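The structure appears below as structure tokens.
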Amino acid sequence: MKRNRWIAPVFTLVLAGLLLWGLGRLVRPKYASGVTLEGSMVENWYTHRNEGHQVLFVGDCEVYESFSPVTLFEEFGATSYIRGSAQQLMWQSYYLLSEMLKVETPRAVVLSVCSLRYAEPQSEAYNRMTLDGMRLSKEKFEAVRASLTEGESEISYYLPLLRYHDRLFELTAEDTLYLFQGPELTYNGYLMRTEQVPYTRLPAAPALQEPSFGDKPVEYLNRIVSLCREKDIALILVKSPCLYPAWYPEWDLWLADYAEQNRVEYINAIPLMEDMGIDLSTDTYDGGIHLNVYGAEKYTRWLGEHLKERGLIEDQRLDPVAAAQYSDLSERYAREKRAKAEVDG
Amino acid sequence: MTFLSGGFLLLVLGLLTVYYILPRRFRYLVLLAGSLAFYALAGKGYLPFLLVTVVTVYGTARLLGRSLQRQKAYVAEHKKDLSREALTAYKKAQGRKRNILFLLCLLVNLGLLGALKYTAFLLSALRAPFQVHWVLPLGISFYTFQSLGYLMDVKRGKYPPEDNFLKYALFASFFPQMIQGPISRYDSLSETLYGGANFDFDRLGRGLVRILWGAAKKLLVADRLAPGLALLFGAEADSFRGGWVLLGMVLYALRLYADFTGGIDMALGVGELFGVTLAENFDRPYLSKNIEEYWTRWHMTMGSWFRDYLFYPLNVSKPFLRWTKALRGRFGNGFLSRLPLYGATLLVWLATGVWHGAGWNYALWGLTNGLVILLSLTLKPLYEGFHSRFPGLKATGGYGAFETIRTFLLLCLIRLWDCYAGPRGVWRAFSSLFTTFNYGAVARGLSVLGLSGGAWAIVLSMAALMLLVSLLKGEGSFRTRFINTPWKLWLAALALLLLCLLLGAYGPGYTASDFIYGQF
């Protein structure tokens, strides 16, 4: 009798683990509706990780609202995926990319450099939207460590119940619907926006305090460069054609130098908008801050040509596996674009 | 570092692992290392103060023990060849030396406690042109009193002093009791503290249930009520009168109970994980039928400390005995002959109040308790006369309930000293109970306390559960009576864990408030 005393505690421990995991999933925000849809995007990649993407996009809104993988496939036959989230910091991009490159072997990685402006973690809300969706791994552990803002609890990134227990009284049908798998609201990571709010005027840029970037984001940029070099992947640094917040000429120069020294490509798309055909009276959904779907498609077409010229993509439209992957996606994409356009009038 | 911090959890898990891996004779060293680590992590600069107390009390106790031993041997050796007067003179001389040693040690430790705890208050009371901002080490009142209790026991020859410095250091610094007690006695704690218990799943489960029960009280009740009470008793207190005062004092009593008993449950539970039995500090105090009884059931280790080491010695001290004798000779057995007893009672209550904190409110709170107890003692013949006219009344359940509720409300009133700033604030709040009848407005305006309907439901359900457990447990332990198989034990632990995690007030939006008694 005495020998079996361990059975009850061990059973309880296992049950406790399962319940903590399940309840954590239940109370975690699902970001399935409302204005913060970006919170569900990092997790979505796990469903697509074995699809063999030729191009991976990593970064903040300047990738997930600027490039359309559906357009890239429809027009160039290149498979791609965007792993981005709102205000995704450079170190978060590094850890997310590291995690992706454990299973993916892309030819090119396109990285948004917009977040180089942030030398330190900014806010818990953005951290949560990026990190909560990561599965337990060494990368998640390190990403959390690098991202914590003051007063944040590290352990609650692994036990979300500790952070979101108060949501118990706010649960909706979405919380049970997406209990085990988050909502798929994007098109291989692209978050579609169809509204058209023309650019008129944006707040004046404040004077630049520091012509270079902070040590921390630069250190992680270096790590991304090394990682891609190790894996023989072409790295392209991009600054998307988004006019706010300001992108200073000093930063542009710094990055051009950096790219040259590190033998990577840097594209500042702001002065190339005309070549791309981007018209900020129709191609932005918020007055020039972000591109809408029409702008994103133009930008993607331009990048597709560029990637093709550099020999970084190949046409897989006749590949039955890739074609099957994209047929449903393209159909859903076209349907949503039409429907949203109708709503937007 | 508090019981509910990740650091504390990691410390306990680490210590448990090492504790049960090492041979039994080394296990107390693990607890000592853990206790010192805990204290060092608890606050910068705390450790030296603790070490001063440990070293001075250990050294003095050893000297006192040696002196007592020498005296015993001398008396045994010279019993036959020396006169009784000579032996008495020898004992007196030795006793004087011990008294000097004892007083020196007392001076160092109470001086340290007094200086750190009261200097700022005294300077401000005296309107000094400068102020000090000295660190107040965590639990200094608890470990100082525990150490001085040990010293007095050794001086009285109750038990010999602990020879092993490391073992003594562990007694004075055992980490679960550093946050808010209990104030342990060496003779009851030492056996399990140094024994190095064997690993036992059931005991682990029992400890865990006790910890989680304490955490549930704190997280579901105390911390949920804290912001609302801060509003009622804070800068805007003047706008909350009448019914708000009544509501505030009842909720404060609930919060204080949940907070303090919760903390003690956690301390005792952590001790139990290591097989260490710490003293119980509460025995369903709100079921007491009078204030005197309440003080034998609330913060019992502090009450018994003041009784054994201050009240009794004061009452049997020569000046007090002489005073009593003189008054008895002059006034017989009447009220005036009891003045020394009353004086000693008030002095002890004043000390109890001041022990709780530096401020006039604490002193007045202590004195009010003493006065109420003395008043009820003085009026005892009246009650007895009343009950002799209605002999059946006392045995009825209704009267028992009346006594319990009366006592509860009385102690809530006394605690107004705790809630409001200064005598004027207390008086305004107290008088408004009889002049402002705004109960309807209070019922309609409960939302200002910042608790949603769900939060009220959690607080009230947990309060009901706490009452039920108190009523069901009777004289014994609730766990022994009802959670008495491994399966019940571990599933109860799981249920309590989920209760805390799902319904507790913690995380952003709540500053998991420090334990109220941790301030003392």
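Because the structure is a prediction, the values reported are computed rather than measured. So that the names make sense, note that chain A is the first sequence line, chain B the second, and so on, each numbered from 1.
Annotation: maximal heavy-atom pairing with chain B below 4.5 Å, among A/Ile155, A/Leu161, A/Leu20, occurs at A/Leu161.
Taking the side chain as every heavy atom from C-beta outward, A/Leu15 and B/Trp490 never approach each other to under 4.5 Å. Within the 4.5 Å cutoff, the side chain of A/Leu19 has heavy atoms near those of the B/Leu494 side chain. For the pair B/Tyr506 and A/Leu162, the minimum side-chain heavy-atom distance is below 4.5 Å. Taking 4.5 Å as the limit, some side-chain heavy atom of B/Leu498 sits within range of a side-chain heavy atom of A/Leu23.
Residue A/Phe11 holds its CZ atom at 7.0 Å from CG of B/Leu491, rounded to the nearest 0.5 Å. Rounded to the nearest 0.5 angstrom, A/Arg5 CZ and B/Leu489 CG are separated by 9.5 Å.
Between the side chain of A/His165 and the backbone N or O of B/Leu503 there is no donor-acceptor pair closer than 3.5 Å.
Contact annotation for A/Leu13: neither backbone nor side-chain heavy atoms come within less than 4.5 Å of a heavy atom of chain B. When heavy atoms are compared at a cutoff of 4.5 Å, A/Leu168 approaches chain B solely by way of its side chain, counted from C-beta outward. For A/Leu159, no part lies near chain B; criterion is any non-hydrogen pair under 4.5 Å. Using a 4.5 Å cut-off between heavy atoms, A/Tyr164 does not touch chain B at all.
Counting heavy atoms of neighbouring residues, nucleotides and ligands inside a 6.0 Å radius, atom CG of A/Asp215 does not exceed 12 of them. Remark: A/Tyr126 OH is loosely packed, at most 12 non-hydrogen atoms of other residues, nucleotides or ligands lying under 6.0 Å away. Heavy-atom contacts from other residues, nucleotides or ligands closer than 6.0 Å to CD of A/Glu219 number more than 12. The environment of NZ in A/Lys138 is sparse: at most 12 heavy-atom neighbours from other residues, nucleotides or ligands sit within 6.0 Å.
For B/Leu13, the side chain to side chain contact (heavy atoms under 4.5 Å, CB included) criterion is met by B/Leu9, not counting sequence neighbours.
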